[in-house]
Amino acid sequence: MSRRTVSVIAALLAIGLLVGITPPAARADGPYIYWLQYNGNTTLGRMNLDGTDKNFAFVDLNDDAVPWSIVTDGTYLYWTNFYFASSSIGIGRVDLAGTNLNEHYVTLSGGQPRDLAIRGDYLYWTIQTDGASSAIGRVKTDGTDLNESYIDLGTEAEPNALVIKGPYIYWTDDATASIGRVKLNGSKKNENFVKNLDVGEELLNFVDLITVGNYLYWSNADANIIGRVKLNGKAKDISFIDPGPTGMAYSLARQGNNLYWLDFDALSIGRSKLNGKNRNNSYIDITSGSLPSGLLIAP
């Protein structure tokens with residue numbers, strides 16, 4: 001840009017100020033990090049991608065709630081909820097400004113709803129039940145067309161993480177240490193699409209599952225590792241990212257070339273490149289006395 005052009009722009013801005021026209025305010029580029037936390041101080045937090053402007057209580061929630069997973073459709077934030085103190089479970093909703101809160105936007109009949117995903121006009125979630133059949137549920141984002149057993153997974157299943165990519169739903173099963181796959185219309189169900197994700201019989205807690213390009217990434221919280229496998233089920237690496245012997249890798253999110261994970265034990269958010277390099281286990285501190293769960297990076 002020439003000096004003359006710069007001078008003209010500066011002059012125009014000065015004229016605008018003189019006549020009361022305010023130039024557009026500068027704003028930080030990039031989306032927000034949202035996260036859920038509970039343990040007697042249940043909230044939805046929000047901060048900038050670099051960890052600044054941290055607001056632990058962007059939205060105050062019912063302190064009896066255990067919010068688990070959070071997604072957005074670009075207008076609202078939705079999260080799964082179950083409660084220690086009552087039988088009320090379901091899906092909550094609030095707009096992106098943090099207003100119009102409805103913690104019981106969708107009421108479910110039982111079980112523990114876990115991971116939540118969105119595709120088009122529908123929300124999908126995994127639900128674990130005690131003695132009944134576990135399932136993948138589905139409801140429209142407007143709260144209609146509720147089907148709590150859209151895809152039945154049986155009484156022995158322990159579905160946890162969930163993601164949708166292309167024509168398929170993928171989910172993790174803590175009972176079998178596997179990733180299942182089924183088409184969005186419920187056909188071609190394969191409950192053992194990827195097997196043997198465990199690193200020890202007692203280390204099975206596959207909390208989150210996301211897709212990045214042609215890969216699935218999952219977190220195994222009990223083992224504190226993040227695994228990766230291609231969408232075709234090949235090139236499995238059950239400890240693709242190993243944050244170390246301490247911590248509990250919980251929820252996952254991706255932004256650009258970076259992978260983020262929420263550490264349930266360390267009360268922090270870690271970050272690395274998608275290839276596992278440049279790992280920082282404590283990229284952002286989120287210590288607040290509460291236990292973190294869902295993680296989302298969105299506008």
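As the structure is a prediction and not an experimental result, all values here were calculated from the model.
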Minimum side-chain heavy-atom gap [X]-[Y] below 4.5 Å:
{"X": "Leu123", "Y": "Val71", "answer": "yes"}
{"X": "Val106", "Y": "Arg93", "answer": "no"}
{"X": "Leu162", "Y": "Tyr170", "answer": "no"}
{"X": "Leu295", "Y": "Trp261", "answer": "no"}
{"X": "Trp68", "Y": "Leu36", "answer": "no"}
{"X": "Asn147", "Y": "Asp145", "answer": "no"}
{"X": "Thr75", "Y": "Asp95", "answer": "no"}
{"X": "Asn205", "Y": "Asp174", "answer": "yes"}

Any chain of hydrophobic side-chain contacts (each under 4.5 Å) joining [X] to [Y]?
{"X": "Ile241", "Y": "Tyr260", "result": "no"}
{"X": "Trp218", "Y": "Val199", "result": "yes"}
{"X": "Leu216", "Y": "Ile225", "result": "yes"}
{"X": "Leu209", "Y": "Ile238", "result": "yes"}
{"X": "Tyr217", "Y": "Leu204", "result": "no"}

Just by distance, do the side chain of [X] and the backbone of [Y] share a donor-acceptor pair under 3.5 Å?
{"X": "Arg138", "Y": "Lys140", "answer": "no"}
{"X": "Ser149", "Y": "Ile151", "answer": "no"}
{"X": "Tyr34", "Y": "Pro299", "answer": "yes"}
{"X": "Asp73", "Y": "Tyr76", "answer": "yes"}
{"X": "Asp63", "Y": "Thr42", "answer": "yes"}
{"X": "Lys236", "Y": "Lys195", "answer": "yes"}

Roughly how far, to the nearest 0.5 Å, is [atom2] of [Y] from [atom1] of [X]?
{"X": "Tyr168", "Y": "Arg119", "atom1": "OH", "atom2": "CZ", "answer": "12.5 Å"}
{"X": "Leu116", "Y": "Ile127", "atom1": "CG", "atom2": "CD1", "answer": "11.5 Å"}
{"X": "Ile91", "Y": "Ser69", "atom1": "CD1", "atom2": "OG", "answer": "10.0 Å"}
{"X": "Thr246", "Y": "Asp265", "atom1": "OG1", "atom2": "CG", "answer": "8.0 Å"}
{"X": "Leu61", "Y": "Asp64", "atom1": "CG", "atom2": "CG", "answer": "11.5 Å"}
{"X": "Arg228", "Y": "Ile210", "atom1": "CZ", "atom2": "CD1", "answer": "11.5 Å"}

Please list, chain by chain and in numerical order, all residues satisfying side-chain hydrogen bond (donor to acceptor under 3.5 Å, both in side chains) with Ser293, sequence neighbours excluded.
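Listed in chain order: nothing, the list is empty.
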So, [X] and [Y]: side-chain donor and acceptor under 3.5 Å apart, yes or no?
{"X": "Ser288", "Y": "Gln37", "answer": "yes"}
{"X": "Ser219", "Y": "Asp208", "answer": "no"}
{"X": "Asp263", "Y": "Ser268", "answer": "no"}
{"X": "Ser134", "Y": "Gln128", "answer": "no"}

Applied to residues 101-142, the ring pair (Phe, Tyr, Trp, His ring centres under 6.0 Å) test, sequence neighbours excluded, yields Tyr83-His104
Got a sec, which pairs hit side-chain hydrogen bond (donor to acceptor under 3.5 Å, both in side chains) with one end in residues 276-285, sequence neighbours left out?
Arg271-Tyr283, Arg279-Asn281, Asp285-Thr287
Tell me the closest heavy-atom pair linking [X] and [Y], and the distance in Å.
{"X": "Asp60", "Y": "Leu101", "answer": "O-CD2, 3.6 Å"}
{"X": "Asn224", "Y": "Met248", "answer": "OD1-N, 3.3 Å"}
{"X": "Leu231", "Y": "Thr211", "answer": "CD2-CG2, 4.3 Å"}
{"X": "Leu296", "Y": "Leu77", "answer": "CD2-CD2, 3.7 Å"}
{"X": "Pro67", "Y": "Tyr38", "answer": "CD-CB, 3.9 Å"}
{"X": "Ile297", "Y": "Gln255", "answer": "CG2-OE1, 3.6 Å"}

Step-by-step side chain to side chain contact (heavy atoms under 4.5 Å, CB included) determination, Ile284 to Met47
CA-CA 10 Å; Ile284 298 173; Met47 61 183 154; 3.7 Å; yes
Asn39 CG: over 12 foreign heavy atoms closer than 6.0 Å
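Counting other residues, nucleotides and ligands, CG of Asn39 exceeds 12 neighbours.
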If you apply the rule side-chain hydrogen bond (donor to acceptor under 3.5 Å, both in side chains), what do you find for Asp173 with Ser178, and how did you get there?
CA-CA 5 Å; Asp173 190 327; Ser178 64; 5.1 Å; no
Report the relative orientation of the aromatic rings in Phe56 and Trp35; use parallel for angles under 30°, tilted for 30 to 60°, perpendicular for over 60°.
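Correct class here is perpendicular.
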For the pair Leu252 and Val207, evaluate side chain to side chain contact (heavy atoms under 4.5 Å, CB included) and give the outcome as yes or no after the intermediate values.
CA-CA 9 Å; Leu252 304 174; Val207 174; over 6 Å; no
